[in-house]
Amino acid sequence: MKEMHTTYNPKEFEDKIYAQWTERGSFRAEIDPQKVPFTVMMPPPNITGQLHMGHAMDETMQDILIRFKRMQGYCALWLPGTDHASIATEVKIVEQMKREGLTKQSLGREEFLRRAWAWKEQYGGRIVEQLKKLGSSCDWSRLAFTMDERCSSAVREAFFRLYQKGLVYRGDRIINWCPGCKTALSDAEVEYAEEAGHFWHFSYPLEEGGSIVVATTRPETMLGDTAVAVHPSDERYAAYIGKYVRLPLTDRRIPVVADEYVDPAFGTGAVKITPAHDPNDFEVGLRHALPVIRVMNDDGTMNERAGVYAGLDRYEARRRVIADMQALGLLVKTEPHAHNVGHCYRCHSTVEPIVSKQWFVRMKPLAKPAIDAVVKNKTKFTPDRFAKIYYNWLENIRDWCISRQLWWGHRIPVWYCDDCGEVICTREGEPAVCPKCGGTHLKQDEDVLDTWFSSALWPFSTLGWPRETDDFSYFYPTDVLVTGYDIIPFWVMRMMFSGIEYTQKVPFRDVLIHGLVRDEQGRKMSKSLGNGIDPLEIIDRYGADSLRLALVTGVAPGNDTRFTDAKVEASRNFINKLWNAARFVLLNVKDDAVPALSAIKLQPADRWIISRLQTCIRECVLSLQKFDLGIAADKLIDFTWNDFCDWYIELSKPSLYGGDDEKRRGALAVLVFVLDNVLRLLHPFIPFVTEEIYSYLPGEHGMIISAEYPRYNSKLAYKKEAGAFEGIIDLIKTVRAMKVEVNCPPSKKVHLYLVTDSRRLIGANRGSVLRLAGASEIDFVDSGAAAGDKAMSRVCEPGQIFIPLGELIDIEEERARLQKELERIDGEIARASGKLSNHNFVAKAPKKLVDDERAKLEKYIDMKTKTQQRLAAL
RNA sequence: GGGGGCGUAGCUCAGUUGGUUAGAGCGUUUGCUUGACAUGCAAGAGGUCACAGAUUCGAGUUCUGUCGUCCCCACCA
């Protein structure tokens, strides 16, 4: 039999084991009608991305669930993939081209796309390799990409269906325009941040004399003003309604209109209306049939409609407008004003609301069924409070702008007829002839779709939809989606309504939401702060298992967590403990044949640990089923370290070294049995080290990844025996504490005198008690007198302990200690009898609770008597 | 303006449907080269569960309010 290394060194086996899993196809989900499928779709990381802690946590949680279900016998599919990340990737490629002195325009669309694909080939696989280092057991044979053929045909089909149903439309609307990326953005892609700005009050002269003062934070937009609005019931301005204003800096004549939108209490109570550059103004403009004058170009400079300001950057234009207004004596005042400014989530440029012709998805009809599905519990959020956030989004949703003025992405499958203007959307192929006029001058829409349009189809596009593939019919709908709360609006919500709309089924039954991984000080990890911790570096230092465990312990679903080296070290220490426990077991096994559990006579300690194991299995499986990964991990660590290592292994030593071969073989059988269970229980959390240790276990067995997950076995619960055995543990702990109290060195053996009813049980565990309590002899006596006058005493679960300590003990100190103990016992008696004298408690509380309380009271009364006797004897 | 989280040991956090003496890791105190492990072992110290009410036989847990703190959404120019 091969021997384990003396120290836990993950580097020696993690890569090797991953290769073994891959070679054996352990991750591959083969459709099996006999099995129940369990499917998880990996949130596809961006091809531009590098693995960060957020991914590491997300992947770890998914891998835990997948490995757990796989071991439970499900046909577990974890489907991996990457996202083309339209805007993020295009930004990177443009940057790269810029360094070479190239632009999109100079290169042309075709050449640009060729470079983009080359870029994808070069970097798109990087994150996939990083995922493997974590131990992710995904089915790489099904690796998907949002722009591969499968996903692209799903996008085409989805768009076509929406078009047929009139759920997509093209129109001029105010959208968020990013002058940096030169594309439209959806509402979700804008991030707001408070900035110190100014509020400029401008005086607009009325045609008939007098003036009206408006306030603005974006003076340059006044060049596109087409009205001034006041509240209809605002008396101050009642006389001006219907009159005209001469818009300064231009020669335009614009009306004063009345609109409910204006808040008379804010600012001057008069608002300049710029329909082309403000969403609210746009609405006002529609109500009053105002012209829409767009004064800005796509790159953030002013256009020819801005007159003398044409060609200036928006901020330069702002300065000039202010200066010119001041020169005209029309700048009434400037006041500081903090306001929220929208920024592009990719390049962080200040976003401009601009009127523009874009494609939109009509959201109202899609949102309703998506809300209902969660209300009706077809899809369940964990923790469920996130359902509220989901509702909140969907209930207030506006139409989704899906066109992007980019090249990298799914081109909008719409053609325009140059001859008659007909708009053509086809299910597949490229139309050659206009169905309306027969013309052949057809041009495809220049724009691509929002990246999230294809991600929204992820749970089924990856399985072959719209074709009725075997994968699709077997694995869909998926079971659980694991993701962070920050992308509920981007992704979760959109998958929900898309899944329901296209497949008539919710795309997943559960959504497990986790929080953010923060740095040691609780700050969000970010590139700009430079406070990100590289998971790969942590893996290099501690191994993937330690990282994984650190990411799930002490974490509650949905809550943010801080990542610290100390946490990884704690996990590493645990794994080291497990490693050494295994080493202990296996060193003792040597080349012996280990008997089956059923073939040996179980000792009390054996039944105790086996019973504790059953409890652990039950609680662990229950927690995993509820997605309480942190709790499950805690229970496993606690059982392994405390019950198994600190108690059972120590308890087994007298059997192993006592010279009784039957006992030795019995202890070995139990040690191997428990170790085997512990490894399988822990495998989803720390797959590498459990696989490695498993390979050293005696007997014929395959790999742990395909082993069965432990199941609770009521026949092995041994409730009564295990309960009784707790008394032995209490006895040992009490003796240990007694020795420490009097500074008796652990190496000095003491003589125990016990007054107890549990002579048989203690007798059966005599060796363990002597060894673990550090005692030389045990005598069962009827009273403490046998221990002599100068003895100390304590009451424990099985009875009363006396230890004659001769000169080692100070009578006065012991008396004081007993006095203190008596006070504590009195407190307990008061508490218990108080509870029991409460008629309501006795009458209304469950019977078991009342009985327990009575038993406790009796125990304390007994303890009090014994302690008092001891005090008197001193 | 709307919604949500958090406030528990020195620090970071768990705490399942209300029910023994409120837990863990780290830190800390004392002792220990105990035939797997000092990445360890044993024994400890350390908590008015933010505050005030309410419900209940019983509240860290449920409800109401207050304070502090963080986040998301909306975006009154």
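All values derive from a computational prediction rather than experimental measurement. First the proteins, then the strands, lettered A, B, ... as listed; each starts at 1.
- Counting only heavy atoms from C-beta on, Tyr261(A) has its side chain closest to A77(B) among A36(B), A77(B), G4(B).
- We find that CZ of Arg824(A) is positioned 15 Å from C1' of G44(B), with the value rounded to whole Å.
- Close to G40(B), at under 4.0 Å from its OP1 or OP2, lies a side-chain N or O of Asn573(A).
- Distances shown here put a side-chain N or O of Trp641(A) below 4.0 Å from the OP1 or OP2 atom of C41(B).
- Spacing of C1' atoms, G47(B) relative to C13(B), comes out at 14 Å, to the nearest Å.
- The distance between atom CZ of Arg523(A) and atom C1' of U69(B), rounded to the nearest whole Å, is 18 Å.
- Taking only side-chain atoms of Thr216(A), from C-beta outward, the nucleotide of U12(B), A77(B), C57(B) with the closest atom is A77(B).
- With a 3.5 Å ceiling on both atom-pair distances, the Watson-Crick or G-U wobble partner of A42(B) is U30(B).
- Side chain of Tyr192(A), nearest nucleotide from A74(B), A77(B), C57(B): A74(B).
- Searching all strands for a Watson-Crick or G-U wobble partner of C6(B) with both distances below 3.5 Å returns G68(B).
- Picking from A77(B), C13(B), A43(B) the nucleotide with the shortest atom distance to the side chain of Arg562(A) gives C13(B).
- Considering only the side chain of Pro746(A), G31(B) comes nearest among G31(B), U56(B), A74(B).
- When the P atom is used for both A22(B) and A45(B), the distance is 13 Å, rounded to whole Å.
- Judged by Watson-Crick or G-U wobble contacts below 3.5 Å, the nucleotide C49(B) has no partner.
- Using cut-offs of 30° and 60° on the angle between ring planes, the pair Tyr390(A) and Phe381(A) is tilted.
- Nearer to the 5' terminus of RNA chain B, by closest-nucleotide assignment, is the contact made by Val190(A) (compared with the other of Asp281(A) and Val190(A)).
- For the residue pair Tyr345(A)/Glu189(A), the side-chain donor-acceptor check at 3.5 Å is satisfied.
- Rounded to whole Å, the P atom of C6(B) lies 12 Å from the corresponding atom of C63(B).
- For the side chain to side chain contact (heavy atoms under 4.5 Å, CB included) with Met57(A), the qualifying choice from Thr561(A), Leu547(A), Leu516(A) is Thr561(A), the only one to do so.
- Going from the P atom of G35(B) to that of C41(B) covers 15 Å, rounded to whole Å.
- Taking 4.0 angstrom as the limit, Tyr657(A) places a side-chain polar atom (N or O) nearer than this to OP1 or OP2 of A36(B).
- Using modelled atom types, one finds a donor on one side chain and an acceptor on the other under 3.5 Å when comparing Tyr204(A) with Asp225(A).
- A77(B) and G65(B): their C1' atoms are spaced 37 Å apart (whole Å).
- Checking the phosphate oxygens (OP1, OP2) of G5(B), no side-chain nitrogen or oxygen of Arg385(A) falls inside 4.0 Å.
- Judged purely by atom type and a 3.5 angstrom limit, Asp519(A) has no side-chain atom pairing as donor or acceptor with the backbone of Asn531(A).
- When the side-chain nitrogen and oxygen atoms of His201(A) are compared with OP1 and OP2 of A77(B), none of them lie within a distance under 4.0 Å.
- Looking at Asp676(A), its side chain never comes within 3.5 Å of a backbone N or O of Val672(A) through a donor-acceptor pair.
- Of the residues near RNA chain B, Gly558(A) and Lys733(A), the one whose nearest nucleotide (by heavy atom distance) lies more toward the 5' end is Gly558(A).
- Using a 3.5 Å distance cut-off with no hydrogens or angles, the side chains of Thr221(A) and Lys272(A) do pair a donor with an acceptor.
- For U61(B) and G1(B), the C1' atoms lie 32 Å apart once the distance is rounded to whole Å.
- Closest to the side chain of Thr217(A), out of A77(B), C57(B), A36(B), is A77(B).
- Separating the NZ atom of Lys844(A) from the P atom of G58(B) is a distance of 9 Å, rounded to the nearest angstrom.
- At the heavy-atom level, Ala566(A) lies nowhere under 4.0 Å from the strands shown.
- Among C75(B), A36(B), C41(B), the nucleotide with an atom closest to any side-chain atom of Asp646(A) is C41(B).
- In this entry the distance linking CZ of Arg831(A) with P of U20(B) reads 10 Å, nearest Å.
- The residue Ile649(A) sits close to a base: some heavy atom pair falls under 4.0 Å.
- Separation of the C1' atoms belonging to A52(B) and C70(B) is 24 Å when rounded to the nearest angstrom.
- Using cut-offs of 30° and 60° on the angle between ring planes, the pair Tyr485(A) and Phe386(A) is parallel.
- Rounded to whole angstrom, the span from the CG atom of Leu849(A) across to the P atom of U17(B) amounts to 18 Å.
- Side-chain atoms of Asn340(A) and base atoms of C75(B) include a donor and an acceptor less than 3.5 Å apart.
- A 3.5 Å limit on both hydrogen-bonding distances identifies no Watson-Crick or G-U partner for A74(B).
- Atom P of nucleotide C37(B) and atom CG of Leu675(A) are separated by 16 Å, given to the nearest angstrom.
- Put simply, Lys835(A) has no side-chain N or O that comes within less than 4.0 Å of OP1 or OP2 on G19(B).
- For the residue pair Glu283(A) and His288(A), no side-chain donor N or O sits within less than 3.5 Å of a side-chain acceptor on the partner.
- The listed nucleotides are A77(B), A14(B), G19(B); the one nearest the side chain of Ile631(A) is A14(B).
- Rounded to an integer number of Å, the gap from Asp628(A) CG to U17(B) C1' is 13 Å.
- Residue Glu650(A) places a side-chain atom within donor-acceptor reach of the base of A36(B), judged by atom type and a 3.5 Å distance cut-off alone.
- As rounded to whole Å, 13 Å separates atom C1' of G27(B) from atom CD of Glu520(A).
- Here A77(B) is the nucleotide among A14(B), A36(B), A77(B) with the atom lying nearest to any side-chain atom of His337(A).
- Counting any heavy atom pair closer than 4.0 Å across all strands shown, Pro279(A) reaches no nucleic acid atom.
- The C1' atoms of U16(B) and G68(B) are separated by 28 Å, rounded to the nearest whole Å.
- Nearest nucleotide to the Lys626(A) side chain, out of U16(B), C57(B), G15(B): U16(B).
- In terms of phosphate contacts, Arg771(A) brings no side-chain nitrogen or oxygen within less than 4.0 Å of OP1 or OP2 of U34(B).
- Lys577(A) has a side-chain polar atom (N or O) that falls below the 4.0 Å cut-off from OP1 or OP2 of C41(B).
- Using the Watson-Crick or G-U wobble rule with both distances under 3.5 Å, A22(B) pairs with nothing in any strand shown.
- Heavy atoms of Tyr860(A) sit under 4.0 angstrom from at least one base atom.
- Between U39(B) and Arg572(A), no contact under 4.0 Å exists linking OP1 or OP2 to a side-chain N or O.
- OP1 or OP2 of C75(B) lies within a sub-4.0 Å distance of a side-chain N or O belonging to Arg398(A).
- Checking the phosphate oxygens (OP1, OP2) of A14(B), a side-chain nitrogen or oxygen of Asn559(A) falls inside 4.0 Å.
- The aromatic rings of Phe199(A) and His201(A) stand perpendicular to each other, their planes meeting at an angle above 60°, with 30° marking the opposite boundary.
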